[in-house]
Amino acid sequence: MKNVRKICLHLLFAVAAIGGGPVLADGDQSGRLFIDRDVDTFAVLPEGVKFPEGITANPRNGDIYVGTFEGGAQNKLLRFDRRGRLEATRNFGITPLLGLEFDRINRKVYIANVGNFVGLASKIQRIAANFNGGTAIEDVAVIPLVNAPDPRTAGNPDGSSDTIYFGTGARVPNAMVLNGAGNLLYVSDSFQGAIFRISNPATCDPCNIEMINHDPLLATAGFPPFGANGLALSHDEKTLFIANTGDDRVLKLDLTVPPLTPNSVSVFAESINGADGLAIDKRGRVWVAANQADEVVALNEKGKVVAKLGEFRGIRGNGTPDGLLFPASLVIVDDEIFVANLALALTPTAGDEPEEDVSRWTISRLKMPHH
């Protein structure tokens, strides 16, 4: 009878999974794994606008901001209303854009501009939240050259070790996060393996940018070739969570110690395939865009995966992804998660990636679990 009961339970979970609704899978004594693969399309980018990467939101009115990452083309900052209707577009020229951050106190949007990819300066910029096509773009700070971190030594199970050397030819500001008071802006640099901090970013002129960490754990020799990436700040503002995309890790930086303190960076979670954008919810769970797994996962306070949302189901007839495809960044608004589907092909081989078949790019929306 017990065996029959087990078989029935397994069949029940299988049927629920096929139906596409949320599934509670057995976990350990600390809880259960929540799985929901349903994905809604929140917005389709205008025709010809490609590679949405950065995303942020105005929590007051639900406006969603999206930046594009297309080197050498006409990159744009887009603003959508809560229903997914395009409200405004601001051109940024040929410089690709990465992370965005919304300043709810000063009503500004911060932009990570990777000018180094097209022979220009990489910088942090800001613009009024209610921008239109002619609103002024203000420079906040130019990313300094600090080069790659020192080599990293990694131990092997047989007692041997490997030494990994890093190099960089570009300054690549990627993600940003503000503290609660809005007077400290943290910035990751994916190629230099560094974390920077800018004080009073809404009003400083000129702005001082300070490197607060340059640990080898912030660099990568992996794939995709981006080290320090998404950022999220704990509610007590004592810990900065940092995605390392190429290493499939989420790290944590102790902010209670002085800048550049050795060993202040540690591993929080492993094996998150393409850990990219981060966000933290009211319960303190860290949500991670896993850009090589085409899903979003939640980590509890121990770094354990407790929820998985979304999946990729193919390319629709209109050229848009069905579900998540290379989810790069995410932002939480109320009980929903908005995700930028970068859908960027990375390998030199033709025909091996579904991203090659995308002709229209999307922003997705996921429902957060209520427990």
Side-chain angles (χ1 to χ4, degrees), residues 39 41-45 49-57 64-71 73 75-78 80 92 95-102 109-114 117 172-177 187-191 220 222-232 241-250 272-279 286-298 308-312 320-321 323-333 337-347 353-356 358 360-366:
V39 182
T41 298
F42 168 72
V44 178
L45 271 59
V49 180
K50 304 177 181 180
F51 308 127
E53 208 285 342
I55 192 168
T56 192
I64 301 294
Y65 301 84
V66 176
T68 64
F69 180 71
E70 187 178 8
N75 287 277
K76 302 178 186 298
L77 179 65
L78 310 171
F80 297 90
F92 275 72
T95 53
L97 311 180
L98 282 172
L100 305 177
E101 176 70 351
F102 186 82
V109 177
Y110 294 92
I111 306 110
N113 186 319
V114 194
F117 279 174
V172 184
N174 199 322
M176 297 170 287
V177 67
V187 182
S188 64
D189 188 314
S190 295
F191 282 22
T220 188
F223 180 87
F226 284 77
N229 198 332
L231 300 178
F241 295 97
I242 308 160
N244 183 317
T245 303
D247 283 1
D248 300 329
R249 283 173 165 169
V250 176
I272 309 297
N273 195 1
D276 201 333
L278 301 182
V286 178
W287 290 86
V288 189
N291 68 31
Q292 297 301 289
D294 297 326
E295 64 181 5
V296 170
V297 303
K308 295 184 176 184
L309 304 182
E311 65 180 355
F312 173 62
T320 63
L324 303 180
L325 183 58
F326 205 131
S329 301
L330 68 164
V331 65
I332 298 172
V333 181
I337 302 176
F338 296 85
V339 184
N341 290 305
L342 179 58
L344 174 66
L346 293 177
T347 70
E353 296 178 276
E355 287 87 348
E356 299 173 47
V358 174
R360 296 290 299 272
W361 278 257
T362 61
I363 306 302
S364 293
R365 177 171 49 199
L366 307 169

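This structure is a prediction, so every number in the text was calculated from the model and none was measured.
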- Pair N229, S188: side-chain N/O donor-acceptor within cut-off below 3.5 Å: no

- Minimum heavy-atom distance K308-V297, with the two atoms named: CG-CG1, 4.0 Å

- Check A228 against S190 and note the closest heavy-atom contact, atom names and distance. O-OG, 2.6 Å

- Task: List in chain and number order the residues that pass ring-ring contact (aromatic ring centres under 6.0 Å, His included) with F338, two or more places apart in sequence or in another chain; answer none if no residue qualifies.
- Result: F42

- Message: Just to verify, what does W287 make a ring-ring contact (aromatic ring centres under 6.0 Å, His included) with, not counting sequence neighbours?
- Response: none

- Using a 4.5 Å cut-off on heavy atoms from C-beta on, say whether the side chain of I55 contacts that of I64. yes

- Query: What pairs with E355 under side-chain contact (heavy atoms from CB on, under 4.5 Å), at least two apart in sequence or on another chain?
  - Reply: L325, F326, A343, A345, E353

- Set of residues satisfying ring-ring contact (aromatic ring centres under 6.0 Å, His included) with respect to F92, sequence neighbours excluded: none

- Message: Among residues at least two apart in sequence or on other chains, which ones pass ring-ring contact (aromatic ring centres under 6.0 Å, His included) with F69?
- Response: none

- Message: Please give me the minimum heavy-atom distance between T68 and N75, naming the atom from each residue.
- Response: O-OD1, 2.9 Å

- Taking only residues two or more places apart in sequence or in another chain, which ones pass side-chain contact (heavy atoms from CB on, under 4.5 Å) with P225? F223

- Task: Compute whether any side-chain donor of one residue and acceptor of the other, for D247 and T220, lie under 3.5 angstrom apart.
- Result: yes

- Message: Can you tell me if K76 has over 12 outside heavy atoms packed within less than 6.0 Å of its NZ?
- Response: yes

- Message: D189: which residues meet the side-chain hydrogen bond (donor to acceptor under 3.5 Å, both in side chains) condition with it, sequence neighbours left out?
- Response: Q192

- If you look at every heavy atom in S329 and G54, which pair is closest and at what distance? OG-CA, 3.9 Å

- Query: Mind checking whether L366 and V39 have side chains closer than 4.5 Å, heavy atoms only?
  - Reply: yes

- Nearest heavy-atom pair of N174 and L98: which atoms, and what distance? O-CB, 3.6 Å

- Message: Once rounded to the nearest 0.5 Å, what's the spacing between atom CZ of R249 and atom CD1 of I242?
- Response: 12.5 Å

- Partners meeting side-chain hydrogen bond (donor to acceptor under 3.5 Å, both in side chains) with R365 (sequence neighbours left out): none

- Would a distance-only check, ignoring hydrogens and angles, find a side-chain to backbone donor-acceptor pair under 3.5 Å from N291 to P327? no

- Is there a side-chain contact between V288 and L330, using heavy atoms and a 4.5 Å cut-off? no

- For T56, the side-chain contact (heavy atoms from CB on, under 4.5 Å) test, sequence neighbours excluded, returns Y65, L100, E101, F102, V109

- Could you check I363, N341, T362 and say which one makes a side chain to side chain contact (heavy atoms under 4.5 Å, CB included) with L45? I363

- Message: Tell me every residue that passes salt bridge (Lys or Arg N to Asp or Glu O under 4.0 Å) with R360, counting only those two or more places apart in sequence or in another chain.
- Response: none

- Task: Write out all pairs satisfying salt bridge (charged side-chain N to carboxylate O under 4.0 Å, His left out) with one or both partners inside residues 288-297, taking only residues at least two apart or from two chains.
- Result: R37-E295

- Note on the structure: Closest non-hydrogen contact found for D248 with G274 is OD1-N, 2.8 Å

- Mark yes or no for whether T245, through its side chain, and A275, through its backbone, hold a donor-acceptor pair below 3.5 Å. yes

- Listed partners of A328 passing side-chain contact (heavy atoms from CB on, under 4.5 Å), at least two apart: E53, D276, L342

